[in-house]
Undergrad: 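Sharing a structure below in structure tokens format, with a few things to ask.
For this chain, numbers begin at 1 and follow the sequence in order.
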Amino acid sequence: MSPMPHLAETDPDVFAAVQSELHRQQLDLELIASENYASRAVLEAAGSVLTNKYAEGLPKRRYYGGCQHVDVVENLARRRARQLFTPLDANRDAICDIGVNVQPHAGAQANAAVYLALIQPGDTIMGLALSHGGHLTHGSPVNSSGKLYRAVPYHVRETDGRIDMDEVRRVALAQRPRLIVCGASAYPRALDFAAFRAIADEVDAYLMADIAHIAGLVAGGTHANPFPHCHVVTTTTHKTLRGPRGGMIMAHRAHMKAINSAVFPGTQGGPLMHIIAAKAVAFHEAQQPAFRDYARAVVDNASAMADRLQERGLSLVSGGTDNHLMLIDLSDQPISGKDAETLLGRAGITVNKNTVPGERRGPMVTSGIRVGTPAMTTRGMGLDQARLVADLIASVLLAPGDEETVETTRQRIHDLCREYPIYADFPGSILGGRV
Ligand code: DSN
């Protein structure tokens, strides 16, 4: 029987593409730092009949009837998120009271809603420059955050690739932002939320942490919690947190009324209740002791990979990593980030090109690639595999014209992925063995 009989019969074209994507995910090594493999339980919730339900409003205060079951789901998601991210003192007492909105469709919507809630069009915001590891929604001129607000960037130091907190303070004192964003899409070092808060307090600005990349590390205890330092925290749920694609906002209670209104009706209509159900499942999974082990392993694997890449002669921005990702700096190599992405892709390794501080090749070509360990760690790979993968990456990048190396690497990567299968019991799987 076909793995998805209804889809296969109704729409063979979409069915074929979905099957091919499953096989790509199973056979190739996923090192894109923002991707992961959601569990079967998360996928089932995301594919459930909850997709049919309109539920504008919040639990018990909806604009539609028939919301009694989706109310259960949304309350579970909110409660679990709150438990996961509430900072506790040594006696396990809450340090601050946080509220949660699980409705943002994605990280971009979460950030837009926070800006709408807390500041006015034309106000000044500060975020890490996109070309230095920041995100489009932190004030890029091509995003609404840079069009509606007066965006002023801060940077990493070119000497060591770390956020220059002296510059952050200097810019903040000169530009008087209403809101400072700390968070990144391509920053391999830990964020110092307390230092950001001290600067925000000096200029009377809100501090928003966008922890989309590191949310799973925060939940798993391998990165500092942004609370109580930040007024607001946004995240996605599908990166290190390993849930469905989606966004979320958490904040000190005092800000929640404005934030809830900014999500709906401010920026969104009906919430995606099937995705909210999948978020609830992912938060439940992240509350289990095994998730702490996972978060630790993600960071340990990244560290081992970073060490090995450098031993093999490749440079990393900032000289290593504290989290789940690293940026290979190809500025001094003949190969660009764009070509490295293509070459590694042909060798079965999926990464993305990325600008590096002091970029000379431009944003479409770039001099870097971003490499992350969340997905390979979900497959069960550990330190030995991280070092092996680093060796394979180095071999491909340091011999760019060598087709035999590409072919040998592809074979070894596919063998490795067969040894650490993902979705092995999935209908239509091409991998057998352990799940
Ligand atoms: N596109 C995501 C990433 O790859 O980091 C951020 O939104």
Undergrad: When you look at CD of Glu21, are more than 12 heavy atoms from neighbouring residues, nucleotides or ligands closer to it than 6.0 Å?
TA: yes
Undergrad: Strictly distance-based, threshold 3.5 Å: is any side-chain N or O of Lys353 a donor or acceptor partner for the main-chain N or O of Pro363?
TA: no
Undergrad: Answer yes or no: does atom CZ of Arg253 have more than 12 heavy-atom neighbours from other residues, nucleotides or ligands under 6.0 Å?
TA: yes
Undergrad: More than 12 non-hydrogen atoms from neighbouring residues, nucleotides or ligands closer than 6.0 Å to CZ on Arg162, yes or no?
TA: yes
Undergrad: Between Asp402 and Thr405, do the side chains contain a donor N or O and an acceptor N or O under 3.5 Å apart?
TA: yes
Undergrad: Does Arg170 pair with Asp166 as a salt bridge, N-O distance under 4.0 Å?
TA: no
Undergrad: Look at the side chain of Thr366 and the backbone N and O of Thr355, then say whether any donor-acceptor pair between them is shorter than 3.5 Å.
TA: no
Undergrad: For Arg418 and Gln26, which I'm curious about, is there any donor-acceptor pair between the side chains at under 3.5 Å?
TA: no
Undergrad: Hydrogens and angles aside, do Thr377 and Tyr294 bring a side-chain donor and acceptor to less than 3.5 Å of each other?
TA: no
Undergrad: May I ask you to check whether Lys147 and Ser144 show a side-chain donor-acceptor distance below 3.5 Å?
TA: no
Undergrad: Applying salt bridge (Lys or Arg N to Asp or Glu O under 4.0 Å), name anything that partners Arg189, two or more places apart in sequence or on another chain.
TA: Asp322
Undergrad: Examine the side chains of Arg370 and Ser34 and answer whether a donor and an acceptor come within less than 3.5 Å of each other.
TA: yes
Undergrad: Can you see which heavy atom on Gly247 is nearest to which on Thr237, and at what distance?
TA: N-OG1, 4.3 Å
Undergrad: Ile276 and Pro271: which non-hydrogen atoms are nearest, and at how many Å?
TA: CD1-CB, 3.8 Å
Undergrad: Between Arg176 and Asp204, is there a side-chain N and carboxylate O pair less than 4.0 Å apart?
TA: no
Undergrad: Quick check for you: to the nearest 0.5 Å, what is the distance between Met376 atom CE and Ile349 atom CD1?
TA: 10.5 Å
Undergrad: Flag the pair Ser336 / Leu330 as yes when at least one side-chain heavy-atom distance between them is below 4.5 Å, and no otherwise.
TA: no
Undergrad: In terms of heavy-atom contacts, does CD of Gln120 have more than 12 from other residues, nucleotides or ligands at under 6.0 Å?
TA: no
Undergrad: Is it the case that the ring center of Phe85 lies less than 6.0 angstrom away from the ring center of Phe227?
TA: no
Undergrad: Could you check whether any side-chain N or O of Glu285 sits under 3.5 Å from a backbone N or O of Phe291, counting only pairs where one atom can act as donor and the other as acceptor?
TA: no
Undergrad: Pair Arg157, Asp160 - check salt bridge (Lys or Arg N to Asp or Glu O under 4.0 Å), show working.
TA: CA-CA 6 Å; Arg157 275 186 299 262; Asp160 65 1; 3.0 Å; yes
Undergrad: For the side chain to side chain contact (heavy atoms under 4.5 Å, CB included) test, which of Ile214, Val233, Thr234 pairs with Pro226?
TA: Val233
Undergrad: Using a 6.0 Å distance limit plus a 45 degree cone around the ring axis, check whether Arg242 lies over the aromatic ring of Tyr37.
TA: no
Undergrad: Whether the side chain of Asp307 engages the backbone of Ala304 through a donor-acceptor N/O pair (distance < 3.5 Å, no angle test) should be reported.
TA: no
Undergrad: Has the side chain of Thr267 got a donor or acceptor atom that lies under 3.5 Å from a matching backbone atom of Ala262?
TA: yes
Undergrad: In Å, rounded to the nearest 0.5 Å, how long is the span from NZ of Lys279 to NE2 of His274?
TA: 10.0 Å
Undergrad: So for atom CZ, which belongs to Arg361, do other residues, nucleotides or ligands contribute more than 12 heavy atoms lying within a distance under 6.0 Å?
TA: yes
Undergrad: For the side chain of His231 and the backbone of His255, is there at least one donor-acceptor N/O pair under 3.5 Å apart?
TA: no
Undergrad: Indicate whether any N or O donor in one side chain lies under 3.5 Å from an N or O acceptor in the other, for Thr137 and Asn111.
TA: yes
Undergrad: Using a 4.5 Å cut-off on heavy atoms from C-beta on, say whether the side chain of Phe426 contacts that of Leu43.
TA: yes
Undergrad: When you measure from the side chain of Ser303 to the backbone N and O of Asp300, does any donor-acceptor pair fall under 3.5 Å?
TA: no
Undergrad: Please assess Asp293 against Arg296 for the test salt bridge (Lys or Arg N to Asp or Glu O under 4.0 Å), listing each intermediate value before the final yes or no.
TA: CA-CA 5 Å; Asp293 299 339; Arg296 179 80 263 153; over 6 Å; no
Undergrad: Is Asp425 salt-bridged to Arg40, cutoff N-O under 4.0 Å?
TA: yes
Undergrad: For this output row, return yes or no: ring centroids of Tyr154 and His138 closer than 6.0 angstrom.
TA: no
Undergrad: Do Pro400 and Leu343 come within less than 4.5 Å of each other through their side chains, counting heavy atoms only?
TA: yes
Undergrad: Using a 3.5 Å distance criterion without hydrogens, assess whether the side chain of Asn36 forms a donor-acceptor pair with backbone atoms of Lys239.
TA: yes
Undergrad: Quick check against the 3.5 Å criterion: does Arg245 have a side-chain atom that pairs as donor or acceptor with the backbone of Ala106?
TA: no
Undergrad: Show me the pairs that pass ring pair (Phe, Tyr, Trp, His ring centres under 6.0 Å) and involve residues 326-366, at least two apart or across chains.
TA: none
Undergrad: Hey, could you give me the CG/CE distance between Leu316 and Met305, rounded to the nearest 0.5 Å?
TA: 11.0 Å
Undergrad: Between Arg24 and Glu30, is the closest basic N to carboxylate O distance under 4.0 Å?
TA: yes
Undergrad: Between the side chains of Lys338 and Glu341, is the shortest nitrogen-to-carboxylate-oxygen separation below 4.0 Å, so that they form an ion pair?
TA: no
Undergrad: Could you report the tightest heavy-atom contact between Leu325 and Ala302, atom names first, then the distance?
TA: N-CB, 4.4 Å
Undergrad: Salt-bridge test for Arg312 and Asp391: reply yes if a basic N is under 4.0 Å from a carboxylate O, no otherwise.
TA: yes
Undergrad: Please determine whether salt bridge (Lys or Arg N to Asp or Glu O under 4.0 Å) holds for the pair Glu403 and Arg346, giving the CA-CA distance in whole Å, both sets of side-chain angles, and the decisive distance to 0.1 Å.
TA: CA-CA 10 Å; Glu403 281 303 311; Arg346 288 179 46 227; 2.5 Å; yes
Undergrad: Indicate whether the side chain of His324 and that of His213 have a donor and an acceptor atom separated by less than 3.5 Å.
TA: yes
Undergrad: Classify the side-chain pair His155/Asp164 by whether it contains a donor and acceptor separated by less than 3.5 Å.
TA: no
Undergrad: Using a distance-only test with no angle check, is there a side-chain donor-acceptor pair under 3.5 angstrom linking Arg150 and Thr124?
TA: yes
Undergrad: Can we call the ring centroids of His132 and Tyr187 under 6.0 Å apart?
TA: no
Undergrad: Got a donor-acceptor contact below 3.5 angstrom from the Thr51 side chain to the Gly47 backbone?
TA: no
Undergrad: Checking Gln109 against Gln103: is there a side-chain donor and acceptor pair closer than 3.5 Å?
TA: no
